[in-house]
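For clarity, every value in this text was computed on a predicted model and none was experimentally measured.
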Amino acid sequence: MTTTMLETRALASTPGVARTRHRRTGRVTLGRVIHSEWIKIWSLRSTVVSLLATVGVVVALGLLFSAVASGHVGGDSLGIGAGGTADPVGASLGGVQLAQLVIGVIGVLLVAGEYSTGMIRTTLAAVPKRLPVLWGKTLVFGGVTLALTLVGTLAAFFGGQQILGTHGVDLFDPGVLRAVVGGAVYLTGVGLLGLALAAMLRATAAAIAALFGAMLVVPGLFPLLPSSWNDAVGPYLPSHAGESFMAVTPSAGMLGPWAGLAVFAGYVVVALAAAAVLLKRRDA
């Protein structure tokens, strides 16, 4: 055995060298993919700013709608108070409807942006099995979105109830906590739908159009259809199902809160499953 071979074996048996080699030849795991996606999402200033803007929209519009509802703005109450029927929780969560546009676009850009720059080929070369990339993006984006939007809905709720004063409600009144958490869950689901559509369509414009069509255009057209169609299908649209979960008392014709959550979650799961199948079958 030559001196060179002996030196090589000695280096390989040295603990520090062995650990270095292990790090260099480590397997691709879901944990490592999640860590890389975590770095990606926080390294893009535009993504961070957009996420914070989503929270800002939820809080600012929630306070504005609460002020209008209480009569503090414009001097005209929307009915909250003696004999009024307006929903104080719905007023403070009014910003969720606009925030869904922002968070949906962020979800689209998180995936479509990599396809447009070609960066996705590098990502998939580093993770040949591909699916961990999708699951990593889903877990990181979903977790960050849920945490930030929950802060936003709680801030909007507490601020809105302060504005409403004696006409406000308590967080632990029946259905209120579920509605506040439901606002964050709904926004997270919309963001994940955008992410899944971008993985399926690979184009920013097409994914945004599909998302807005499903969440805004189709529900807006349903009232123009025969009432039998609207009554039978309308409650099962993704936006209506999600909204029923973040309503203290769902309006007539809507699904119950937990049934609505199940239907909305089903749309998200099916979209992510379709994205996973296409990601495995198609070239980058």
Please check if [X] and [Y] belong to a single hydrophobic cluster, counting links between Ile, Leu, Val, Met, Phe, Trp and Tyr side chain heavy atoms closer than 4.5 Å.
X	Y	answer
Val48	Val55	yes
Leu63	Leu171	yes
Ile34	Trp42	yes
Met119	Val140	no
Leu52	Leu154	yes

Please examine the side chains of [Y] and [X], heavy atoms only from C-beta on, and report whether any two atoms are closer than 4.5 Å.
X	Y	value
Val185	Met246	no
Leu134	Thr138	yes
Gln97	Glu243	yes
Pro235	His240	no
Ser92	Ser66	yes
Val108	Leu195	no
Arg178	Pro257	yes
Leu98	Val102	no

Out of curiosity, [X] [atom1] to [Y] [atom2], how far, rounded to the nearest 0.5 Å?
X	Y	atom1	atom2	answer
Ile163	Phe158	CD1	CZ	14.0 Å
Leu61	Leu93	CG	CG	11.5 Å
Phe172	Leu177	CZ	CG	6.0 Å
Leu255	Leu261	CG	CG	11.0 Å
Ile103	Leu187	CD1	CG	6.5 Å
Leu211	Leu216	CG	CG	8.0 Å

Nearest atoms (heavy-atom pairs only) where [X] meets [Y]:
X	Y	result
Leu201	Ala210	CD1-CB, 4.0 Å
Gly113	Ser116	O-OG, 2.8 Å
Ala155	Val59	CB-CG2, 3.9 Å
Met200	Ala274	SD-CB, 3.6 Å
Val28	Ala126	CG2-O, 3.5 Å
Leu279	Tyr115	CD1-OH, 3.6 Å

- prompt: Can you list the steps and then say if Val133 with Glu37 is a side-chain contact (heavy atoms from CB on, under 4.5 Å)?
  reply: CA-CA 8 Å; Val133 173; Glu37 293 298 332; 4.2 Å; yes

message: Between Val33 and Trp135, is the side-chain contact (heavy atoms from CB on, under 4.5 Å) condition met? List the steps.
response: CA-CA 9 Å; Val33 175; Trp135 306 144; over 6 Å; no

- prompt: Taking the hydrophobic residues Ile, Leu, Val, Met, Phe, Trp and Tyr, and joining any pair whose side-chain heavy atoms are under 4.5 Å apart, which ones share a cluster with Val217?
  reply: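 Via sub-4.5 Å side-chain contacts, Val217 links to Leu221, Leu224.
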
query: Is the distance between the ring centroids of Phe264 and Tyr186 less than 6.0 Å?
result: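 Yes - the distance between ring centres of Phe264 and Tyr186 falls below the 6.0 Å cut-off.
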
query: Is there a donor-acceptor contact under 3.5 Å from the side chain of Thr145 to the main chain of Gly142?
result: no

- prompt: Is there a donor-acceptor pair closer than 3.5 Å between any side-chain N or O of Arg32 and the backbone N or O of Arg27?
  reply: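 Yes, the answer is positive, given that a donor and an acceptor are paired below the 3.5 Å cut-off.
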
query: Just wondering, more than 12 heavy atoms not from Phe212 lying within 6.0 Å of its CZ?
result: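 Yes, enclosed.
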
task: Could you tell me whether Arg121 and Glu114 make a salt bridge, using a distance below 4.0 angstrom between a side-chain N and a carboxylate O?
output: no

- request: Using distance alone, with no hydrogens and no angle criterion, decide if Thr47 and Lys40 have a side-chain donor and acceptor under 3.5 Å apart.
  value: no

message: Before you tell me yes or no, could you show the steps for Thr54 and Leu148 under side-chain contact (heavy atoms from CB on, under 4.5 Å), namely the whole-Å CA-CA distance, both residues' side-chain angles and the distance that decides it to 0.1 Å?
response: CA-CA 9 Å; Thr54 304; Leu148 289 177; over 6 Å; no

message: Test side-chain contact (heavy atoms from CB on, under 4.5 Å) on Thr153 and Phe157; report intermediate values, then the result.
response: CA-CA 6 Å; Thr153 55; Phe157 171 78; over 6 Å; no

